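Everything on this sheet refers to the single structure shown next.
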Amino acid sequence: MPELPEVEVTRRALSANLVGRRIDKVVTTRPSYFFLTPPAVLRRRLAGRRVTALDRHGKYLVGTLDDGARLLLHLGMTGQLFVAGARNVRLYRTAKRGAPLAPPPAFQPDEHTHLILSFSDGPPELYFRDTRKFGKCALLEPGANDRRLDKLGVDALEAEGSHLHRAARRRRSPVKTLLLEQSVIAGIGNIYADEALFFAGVRPARSSARLSERECDAIVRAVRRVLARAIERGGSSIDDFVRPDGSDGGYQDERRVYARTGEPCPRCGTPIRRIVLAGRSAHYCLRCQR
DNA sequence: CACTTCCCCTGCAAGC
DNA sequence: TGCTTGCAGGGGAAGT
């Protein structure tokens, strides 16, 4: 599931292939929840526009167009952005698990490909694929504000302990639930919340209100460290995430606790526990985390 | 305002 | 073997 590192890895790869180019043709497949802006509007508004910047806000990607409009993209759970041209090996493995890897010569949009952008200078093209359709795509007219972006808290890479502590004081919810709240700190998802809490030595179920300033500092420092490392490793390819060239990230191999229920804690050997908080699974070491 | 619950969707795994 | 069921999860809306 794409969180800040995966979105940032995507942003960097796309940036090199997108910024400065003029959008020529826009193909949208069948309408779906994915499109917050009607596909017809999107096609009309994007065609002919040049992309001048690609930024990230939390887990959102925001492309700026030469007329001042912005293209808002969210990968949701299973969203994938591809720069076509490299062989999208993983794409085909995802399409049929266990099938032998015999990649076709060129990418063929499948039933999960929602958006294809081609450019005036020819290939590569850009594909947005999303099996579960939790991803989002919206066009923001020049000068328009967006509630989703306005609500975001400080970006996780720039967060300080004080940001967390201020929010924590008046909450009764578990600290992990608080970390997942994008309005407090933007960019953390289920994987990196668990990983950061492991490094900070704090149990995910700990009451937010009872965290000391010192603990909040430790947690946020762990968050920044884990995210930075995950970006370095190209993100986590656990379920569907792949980089825009189709290759896997590498951070999944460095996971300490996430989705390692029953496996020995890398520090002390105690089996990793799994609990459910706010409907989401949380993984931690009973002994290393207090 | 804080917090919970539900829902969107599909692929996969477990159970019968 | 083949069906059904349940689960996963980001985030927004609606309800408490």
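Here the structure is a predicted model, which means the values were calculated and not measured. First the proteins, then the strands, lettered A, B, ... as listed; each starts at 1.
Look at R70(A) and D55(A) and you find no salt bridge, because none of the NZ, NE, NH1 or NH2 atoms lies under 4.0 Å from a carboxylate O.
K136(A) comes within contact range of no nucleotide atom at all, as no heavy-atom separation falls under 4.0 Å. Counting non-hydrogen atoms under 4.0 angstrom, F34(A) reaches nothing in the nucleic acid. Contact annotation for Y258(A): backbone-only contact, meaning every heavy-atom pair under 4.0 Å involves sugar-phosphate atoms and none involves a base. Among the atoms of the strands shown, none is found under 4.0 Å from any heavy atom of T78(A).
Checking R132(A) against A278(A), the closest nucleotide of DNA chain B that is more toward the 5' end is the one next to A278(A). Comparing R147(A) and G279(A) by the nucleotide of DNA chain C whose heavy atom lies nearest to each, the residue mapping closer to the 5' end is G279(A). Mapping L180(A) and R274(A) onto DNA chain C by nearest heavy atom places R274(A) at the nucleotide closer to the 5' end.
Using modelled atom types, no side-chain atom of R256(A) and backbone atom of D194(A) make a donor-acceptor pair closer than 3.5 Å.
A distance of 13.5 Å separates CZ of R11(A) from CG of L73(A), quoted to the nearest 0.5 Å. Put simply, CG on L75(A) and CD on E6(A) are 9.0 Å apart, with the number rounded to the nearest 0.5 Å.
Side-chain nitrogen and oxygen atoms of H112(A) include at least one within less than 4.0 Å of the OP1 or OP2 phosphate oxygen of dG11(B).
We find that CG of L277(A) is positioned 16 Å from C1' of dT5(B), with the value rounded to whole Å. Atom CZ of R129(A) is separated from atom P of dC9(B) by 17 Å (rounded to the nearest Å). Note: CD (Q80(A)) to P (dG11(B)) measures 12 Å, nearest angstrom.
For the salt bridge (Lys or Arg N to Asp or Glu O under 4.0 Å) with E254(A), the qualifying choice from R225(A), R229(A), R260(A) is R229(A), the only one to do so.
The side-chain heavy atoms of R148(A) and L72(A), taken from C-beta on, include a pair separated by under 4.5 Å. The shortest side-chain heavy-atom distance between R12(A) and I231(A) falls under the 4.5 Å cut-off. Side-chain atoms of V41(A) and F35(A), non-hydrogen and from C-beta on, never get closer than 4.5 Å to each other. Looking at R273(A) and P204(A), their side chains never come closer than 4.5 Å, going by heavy atoms from C-beta outward.
Proximity of the aromatic rings of Y251(A) and Y192(A) is defined here by a centroid distance below 6.0 angstrom, and this criterion is met.
Contact check of residues 159-178 of chain A against DNA chain C (heavy atom, cut-off under 4.0 Å) returns no residues at all.
A cation-pi arrangement is present between R267(A) and F198(A), with the terminal nitrogen or guanidinium carbon under 6.0 Å from the aromatic centre and inside a 45° cone about the axis.
Comparing the helix axis at one end of the helix from dA2(B)-dT16(C) to dC16(B)-dG2(C) with that at the other, each defined from 5 consecutive pairs, gives an inter-axis angle of 50° (nearest 10°).
For DNA chain C, the span of nucleotides reached by chain A at under 4.0 Å from its heavy atoms goes, 5' to 3', from dA8(C) to dA13(C).
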